[in-house]
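Keep in mind it's a predicted model, so treat the numbers as computed, not measured.
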Amino acid sequence: MLQERGKHRIKEEDRPKKTPLGTLALLNRADTAGVRIGAVCRAMYGEQGQTAVRRILGVLSLAKKHGPASVDDACAAALEVGVCNYYRFVRRYLERNPQLPLSLRQVDPLIRQLTLYRDFIQDKTKENPA
């Protein structure tokens, strides 16, 4: 059987009967990263087999780069749409919908005003001249 140039093909008799332990550990890592991340990675492995391992590693590296919450949202969108190439969809989704940077605000009443700290430092430096 001819194969397109640049494509990867494994004969059916050469495929492993059971999922290799390294791949199972990888799928478990994906499950712990996020529920939908694990679902996308398992779907990729179910459709493509051992050739999907590098794509699974790619999804996990996206989770490391962009944060598991935003990748989990992207995976939810991929599952909802039902795309054929999950990794490419998730990567492009994250590129086009960047996570807004977190802004630091003084929200908690336990955090004091900066002026209080400034005044405290000024008072302490006046009391103890060097």
**OP:** Hey, could you give me the CZ/CG distance between Arg54 and Leu26, rounded to the nearest 0.5 Å?
**Re:** 12.5 Å
**OP:** Evaluate the side-chain proximity of Arg36 to Asp73: yes if any heavy-atom separation is below 4.5 Å, no if none is.
**Re:** yes
Subject >> Pairwise distance SG(Cys41) to CG(Asp31) - rounded to 0.5 angstrom >> reply: 8.0 Å
**OP:** Provide the closest heavy-atom pair for Arg55 versus Thr51 in the form atom of the first, atom of the second, distance.
**Re:** NH1-O, 3.5 Å
Original post:
What distance do Arg29 atom CZ and Ile37 atom CD1 have between them, rounded to the nearest 0.5 Å?
Top reply: 11.0 Å
Original post:
In Å and rounded to the nearest 0.5 Å, what is the CG to CZ distance from Asn28 to Arg42?
Top reply: 6.0 Å
**OP:** Group every Ile, Leu, Val, Met, Phe, Trp and Tyr by side-chain heavy-atom contacts under 4.5 Å, then state whether Val81 and Leu79 land in the same group.
**Re:** yes
Original post:
What distance separates Leu27 CG from Met44 CE, expressed to the nearest 0.5 Å?
Top reply: 9.0 Å
Original post:
Taking side chain as C-beta onward, heavy atoms only, is Tyr45 less than 4.5 Å from Gln50?
Top reply: yes
**OP:** Please say whether more than 12 non-hydrogen atoms of neighbouring residues, nucleotides or ligands are located less than 6.0 Å from CD in Glu80.
**Re:** no
Quick one: side chains of residues 56-70, donor-acceptor pairs under 3.5 Å with protein atoms, not counting sequence neighbours, listed by atom name and distance.
{"unit_1": "Ser61", "atom_1": "OG", "unit_2": "Gly58", "atom_2": "O", "d": "2.8"}
{"unit_1": "Ser70", "atom_1": "OG", "unit_2": "His66", "atom_2": "O", "d": "2.8"}
{"unit_1": "Ser70", "atom_1": "OG", "unit_2": "Gly67", "atom_2": "O", "d": "3.2"}

Original post:
Under the side chain to side chain donor-acceptor pair (under 3.5 Å) test, which residues partner Asn97, sequence neighbours left out?
Top reply: none
**OP:** Taking all heavy atoms of Cys84 and all of Glu47, pick out the closest pair and write down the distance.
**Re:** O-OE1, 4.0 Å
Subject >> Test item: Tyr87 and Val40 side chains (from C-beta on) under 4.5 Å apart, heavy atoms >> reply: no
Original post:
Where is the tightest heavy-atom contact between Tyr93 and Ala77, given as atom of each residue plus distance?
Top reply: CE1-CB, 4.0 Å
**OP:** Kindly give the heavy-atom pair with the smallest separation between Ala74 and Phe89, and that separation in Å.
**Re:** O-CE2, 3.9 Å
